[in-house]
Amino acid sequence: MRPAGYVWGGFGGALLGFVALALIVWPLLGGTVALLVFTALLAALFVYHIRSLKKLVLWTREPIGAPLPQAFGVWDYVFADLSRRSRASLDQRDRLAQALARFREATSAMPSGVILLSAENFIEWINPAAEMHFGLDGERDTGKPITNLVRQPDFVAYLCGERTAEPLTCRMARQAGLVLSIQIVPFGEEQSMVLSRDVTQFEKLETMRRDFVANVSHELKTPLTVVSGFLETLDDMLDELPPEDARRYLRLASEQAMRMQSLVDDLLALAALETSARASYDETVEMAPLIQTVLGEAQALSAGRHEISLELDGPVSLRGSRKEIHSALLNLASNAVRYTPAGGSIRLCWNVAAGGGARFAVIDTGLGIEAQHIPRLTERFYRVDRGRSRESGGTGLGLAIVKHALGRHQATLQIESQPGKGSTFSALFPAERVARPQI
Ligand code: ADP
């Protein structure tokens, strides 16, 4: 039926009924009785419409989705139409609710923080990542102005200032160490969205990179200044300088050049450890000859100033890279020589460790290290005593190289030390790296 056709149908039907009744009743019963019959019919019609209308009004006050009341005649059509529309809008509401739930689920799972703000910067919605980033609680804080809850001045200035595409890097005062990258994205009429990303790790790496560049430049600058100073002096005064002075200057310049050389070598070794693929990690490395080589190198460096002994009763071989294991063990042994005053003793020990692993320990009776320095020793360029490290030819990169080389073999470095008594540096290899049980 066409829209509202049934209304006209109902109306027409009623009219026809009246006309038919008038034609039959009037001649049969006479004027007064016919009038009474008409009045009664009209009253019944009136009651029927009023009752149906009342049902409709009561139904509209019910919650959406309530079943429609029963009716007959034209009202049955009206109610059927309404029922269809109500079902369609319920379906649409369900679909929207599902879409909204999916959107919330997705934004809740996002590692980035999202806060929806009204035009007046009142919080309308917040996801769990943003709750963590800003120390907020969605249930408690929704509907409150964000500037009352996050009072950090740089954030407030960024939020209330002119909008830019440039994100703000913000060190959160409430949560020590947390650094966020924050961006405000306008949407809708005058609403906005605060997007936050945890960039703490990235900032840390960036600081490390800056420090590293500054350290390398500083380490190279000092010997370079010395070398160029000597060369200038030689250039200016070559004719007047006694030959032994000229030779001394050349020797000192060459020492500084060697210092730069070892720094560059260590930097390259570290870069290779950090970037190269683990190609030769399945080499079988015979440990006895390797440790004998390390002993020989330590003795050469000591030049007879220390008593160096060797204890070999660990596994025959390890699986890994010979070059990297050698570099790690040699750095430990050469540190022991460099930080043990003449007359001290050094022991190189290769043993079986608990759980089927292996342990290479270098035990010295040297200067020792105060406890507060120990956790930082493997940082690049960290030295307990800068002067002493340089004097002994150190670059400040030795233990960083050890840590990386061991890490690539799933091995760890253990440091025990007592100031004035000596230190024990141990490389602990896991059982998976041991190729055969015992020598
Ligand atoms: P460096 O080139 O300065 O020796 P390393 O990374 O090898 O750099 O060592 C870092 C610092 O650890 C050294 O500067 C030194 O202060 C300390 N250190 C390392 N090994 C020993 C040791 N056997 N005894 C005392 N101090 C040590």
Side-chain angles (χ1 to χ4, degrees), residues 208 211-212 214-216 218-223 255-256 258-274 291 294-295 297-302 305-310 324-349 359-408 411-428:
M208 271 169 70
D211 288 353
F212 181 68
N215 275 321
V216 170
H218 178 76
E219 293 289 331
L220 284 173
K221 197 173 163 232
T222 319
E255 268 170 22
Q256 295 302 318
M258 269 157 63
R259 197 173 132 196
M260 285 192 280
Q261 177 74 53
S262 44
L263 181 67
V264 171
D265 286 347
D266 276 0
L267 283 171
L268 289 175
L270 202 56
L273 284 170
E274 282 175 346
I291 294 170
V294 171
L295 174 70
E297 285 163 322
Q299 280 165 337
L301 188 66
S302 161
R305 287 176 296 129
H306 309 91
E307 191 191 308
I308 308 181
S309 62
L310 177 64
E324 290 179 17
I325 296 175
H326 178 218
S327 156
L329 306 195
L330 179 60
N331 266 302
L332 295 181
S334 75
N335 275 357
V337 172
R338 292 192 297 113
Y339 297 108
T340 301
S345 62
I346 296 164
R347 280 166 56 210
L348 308 184
C349 306
R359 171 178 183 256
F360 176 77
V362 181
I363 306 161
D364 66 48
T365 57
L367 304 170
I369 307 155
E370 292 195 18
Q372 78 265 23
H373 297 293
I374 292 180
R376 300 196 58 192
L377 291 182
T378 54
E379 286 175 22
R380 299 146 168 191
F381 298 112
Y382 188 85
R383 288 132 156 162
V384 176
D385 182 335
R386 195 165 280 270
R388 198 186 293 274
S389 157
R390 289 228 180 91
E391 261 169 46
S392 64
T395 59
L397 295 172
L399 291 179
I401 292 176
V402 173
K403 184 184 159 193
H404 271 86
L406 293 183
R408 282 158 73 100
T412 51
L413 177 67
Q414 204 176 60
I415 307 170
E416 291 150 275
S417 189
Q418 272 194 312
K421 295 214 167 134
S423 316
T424 302
F425 283 74
S426 311
L428 298 164

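As the structure lists them, so they are numbered: ligands from 1, and atoms in each ligand from 1. Starting from 1, each residue takes its place in the sequence as its number. Model, not experiment: these values are computed from the prediction. Heavy-atom basis, side chains included; hydrogens, waters and symmetry copies ignored.
- Counting only distance, with no hydrogens or angles, the side chain of H404 and the backbone of L270 share no donor-acceptor pair below 3.5 Å.
- Taking every non-hydrogen atom of Y382 and a distance limit under 4.0 Å, the qualifying atoms of ligand 1 come out as 10 (C), 11 (C).
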E219 and N215: side-chain hydrogen bond (donor to acceptor under 3.5 Å, both in side chains), yes or no, with the steps?
CA-CA 6 Å; E219 293 289 331; N215 275 321; over 6 Å; no
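- Taking any N or O of T395, backbone or side chain, at least one lies under 3.5 Å from an N or O belonging to ligand 1.
- Of the N or O atoms in V384, one or more lie within a sub-3.5 Å distance of an N or O in ligand 1.
- Of the N or O atoms in G398, one or more lie within a sub-3.5 Å distance of an N or O in ligand 1.
- Shown in contact with S423 at under 4.0 Å from a heavy atom are these atoms of ligand 1, numbered in order with element: 24 (N).
- The pair E379-R376 meets the salt-bridge criterion, since a charged nitrogen lies less than 4.0 angstrom from a carboxylate oxygen.
- Counting only distance, with no hydrogens or angles, the side chain of D364 and the backbone of I346 share no donor-acceptor pair below 3.5 Å.
- A cation-pi arrangement is absent between R388 and Y339, since the terminal nitrogen or guanidinium carbon is not both under 6.0 Å from the aromatic centre and inside a 45° cone about the axis.
- When the heavy-atom distances from atom 8 (O) of ligand 1 to G422, G396, P419, G394 are ranked, the shortest goes to G396.
- The closest approach between a heavy atom of R338 and any atom of ligand 1 is below 4.0 Å.
- Near F425, meaning under 4.0 Å from one of its heavy atoms, ligand 1 places the atoms 19 (C), 20 (N), 21 (C), 22 (C), 23 (N).
- Applying the 4.0 Å criterion to heavy atoms of R383 picks out, from ligand 1, the atoms 3 (O), 14 (O).
- Here the heavy atom of the protein found nearest to atom 6 (O) of ligand 1 is L399 N, 2.8 Å.
- For L377, the closest heavy-atom approach to ligand 1 falls below 4.0 Å.
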